[in-house]
Amino acid sequence: MNHSRFDNNFCFLNDSDNSVSFAEGMNFIYEVQLSKVRTLEKWTIPIRIKYEGDPTKEDIDVLNQIIKDFNKINGFPGMKIVNKDENVLLIYAPKEALPEIQQKYNLTNLTIDKGVCQRFSENGEITQAIIVIESDIDQNTKNSVVLHEIFHMIGFYGHSYDNASIINHIGEPIPKLSAVDTLSFRMLYHPEISIGMEYHEINAYYQEKELAEFMND
């Protein structure tokens with residue numbers, strides 16, 4: 001089994017590529033969300049994650065770092081780990097336990113391929129989610145899978161044809177969000193972008209913005 005050398009100073013966001021544009025962000029948001037639900041959906045309440053199962057110490061370190069980094073996003077309602085009253089249940093389980101978990105949580109219409117996320121929303125607001133992570137895969141892959149599934153959970157529902165994206169179709173381990181992932185995350189959760197907005201409304205807002213000014217909001 002391969003072991004990761006995760007450094008908790010590592011940042012899962014990627015703001016280093018200044019060549020990305022609002023147009024690329026809009027294309028990504030359309031590809032992975034608005035082409036499926038038509039009007040924008042996202043969390044507006046704090047995300048309370050409870051984990052269960054058999055996570056390693058590194059799993060918990062990675063989860064804490066993802067939370068720390070995602071909480072830097074302007075307009076994001078925030079995530080934290082809780083022991084009760086969760087609205088996101090994150091389960092780490094070995095492969096042989098997955099069929100029982102699928103049945104218990106009525107995930108039988110989903111395929112767990114290293115990980116899976118089921119979200120629930122009301123009137124555009126994501127309110128709950130269940131994430132299942134296969135625990136007996138190598139640590140580097142597992143780090144990528146949990147980041148992938150949490151990115152689905154926050155509102156990026158589909159998969160992307162951009163091979164650099166954390167939610168690409170290829171399924172190879174990726175250590176962090178791509179520049180387009182990160183910009184799209186910032187665009188989706190900007191305080192001026194509301195649930196229920198359509199593509200043309202979001203696009204019109206960003207056509208009036210300067211990227212440098214936006215990234216410093």
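Counting from 1, the numbers follow the sequence of the chain as shown. Worth saying up front: this structure is predicted, and the values here are computed from it rather than measured. Computed over heavy atoms, backbone and side chain alike; hydrogens, waters and symmetry mates excluded.
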For [X], does the [atom1] atom have more than 12 heavy-atom neighbours from other residues, nucleotides or ligands under 6.0 Å away?
| X | atom1 | value |
| --- | --- | --- |
| Glu100 | CD | no |
| Tyr205 | OH | yes |
| Lys72 | NZ | yes |

Measuring from atom [atom1] of [X] to atom [atom2] of [Y], what distance do you get when rounded to the nearest 0.5 angstrom?
| X | Y | atom1 | atom2 | value |
| --- | --- | --- | --- | --- |
| Arg119 | Ile130 | CZ | CD1 | 11.5 Å |
| Glu192 | Ile202 | CD | CD1 | 12.5 Å |
| Ser184 | Phe156 | OG | CZ | 5.5 Å |
| Ile29 | Glu24 | CD1 | CD | 12.0 Å |
| Asn143 | His148 | CG | NE2 | 14.5 Å |
| Phe151 | Cys117 | CZ | SG | 12.5 Å |

When you measure from the side chain of [X] to the backbone N and O of [Y], does any donor-acceptor pair fall under 3.5 Å?
| X | Y | result |
| --- | --- | --- |
| Asn203 | His200 | no |
| Asp181 | Ile166 | yes |
| Ser135 | Ala93 | yes |
| Thr141 | Ile137 | no |
| Glu122 | Thr127 | no |
| Gln128 | Val88 | no |
| Lys42 | Ile193 | yes |
| Asn163 | Asn168 | no |
| Asp54 | Asp136 | no |
| Ser144 | Ile174 | yes |

Is the ring pair [X]/[Y] parallel, tilted or perpendicular, if the boundaries are 30 and 60 degrees?
| X | Y | answer |
| --- | --- | --- |
| Phe214 | Tyr206 | perpendicular |
| Tyr51 | Tyr92 | perpendicular |
| His152 | His159 | perpendicular |
| Tyr189 | Phe76 | perpendicular |

Return the minimal non-hydrogen interatomic distance between [X] and [Y], and the atom names on each side.
| X | Y | result |
| --- | --- | --- |
| Asn64 | Ile81 | OD1-CD1, 3.4 Å |
| Ser178 | Ser165 | OG-CA, 4.0 Å |
| Asn140 | Pro173 | O-CB, 4.4 Å |
| Asp17 | Val20 | O-CG2, 3.5 Å |
| Leu40 | Ser194 | CD2-O, 3.6 Å |
| Met215 | Leu183 | SD-CD1, 3.9 Å |

Should [X] and [Y] count as side-chain neighbours, where that means a heavy-atom distance under 4.5 Å?
| X | Y | answer |
| --- | --- | --- |
| Val146 | Ile131 | no |
| Glu198 | Arg38 | yes |
| Thr39 | Tyr199 | no |
| Val62 | Ile60 | no |
| Phe10 | Pro175 | yes |
| Ile133 | Leu90 | yes |
| Met153 | Met79 | yes |
| Asn71 | Lys80 | no |

State plainly whether one hydrophobic cluster holds both Ile66 and Val82, where clusters connect Ile, Leu, Val, Met, Phe, Trp and Tyr through side-chain heavy atoms under 4.5 angstrom apart. no

So that I can tick it off, tell me whether [Y] and [X] are bridged by a salt bridge, with the cut-off set at under 4.0 angstrom between side-chain N and carboxylate O.
| X | Y | result |
| --- | --- | --- |
| Asp59 | Lys142 | yes |
| Arg186 | Asp15 | yes |
| Lys57 | Asp61 | yes |
| Glu52 | Lys50 | yes |

So which of Trp43, Phe12, Phe185 actually passes ring pair (Phe, Tyr, Trp, His ring centres under 6.0 Å) with Phe70?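 Exactly one candidate clears the test, Phe185.
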
Donor-acceptor pair between [X] and [Y] side chains, under 3.5 angstrom:
| X | Y | value |
| --- | --- | --- |
| Asp69 | Gln65 | yes |
| Thr44 | Glu125 | yes |
| Asn14 | Ser16 | yes |

Before you tell me yes or no, could you show the steps for Leu13 and Lys176 under side-chain contact (heavy atoms from CB on, under 4.5 Å), namely the whole-Å CA-CA distance, both residues' side-chain angles and the distance that decides it to 0.1 Å? CA-CA 6 Å; Leu13 302 176; Lys176 65 192 296 184; over 6 Å; no

Stepwise side-chain contact (heavy atoms from CB on, under 4.5 Å) test for Phe120 and Ile126: CA-CA 6 Å; Phe120 305 90; Ile126 307 172; over 6 Å; no

Looking at Phe22, is Lys209 sitting on its ring face, NZ or CZ under 6.0 Å from the six-membered ring centre and within 45 degrees of the normal? no

Before you tell me yes or no, could you show the steps for Leu188 and Gln33 under side-chain contact (heavy atoms from CB on, under 4.5 Å), namely the whole-Å CA-CA distance, both residues' side-chain angles and the distance that decides it to 0.1 Å? CA-CA 10 Å; Leu188 182 72; Gln33 193 198 103; 4.0 Å; yes

Any chance you could lay out the side-chain contact (heavy atoms from CB on, under 4.5 Å) test for Met197 and Glu41, step after step, and finish with the verdict? CA-CA 8 Å; Met197 291 179 73; Glu41 297 188 358; over 6 Å; no

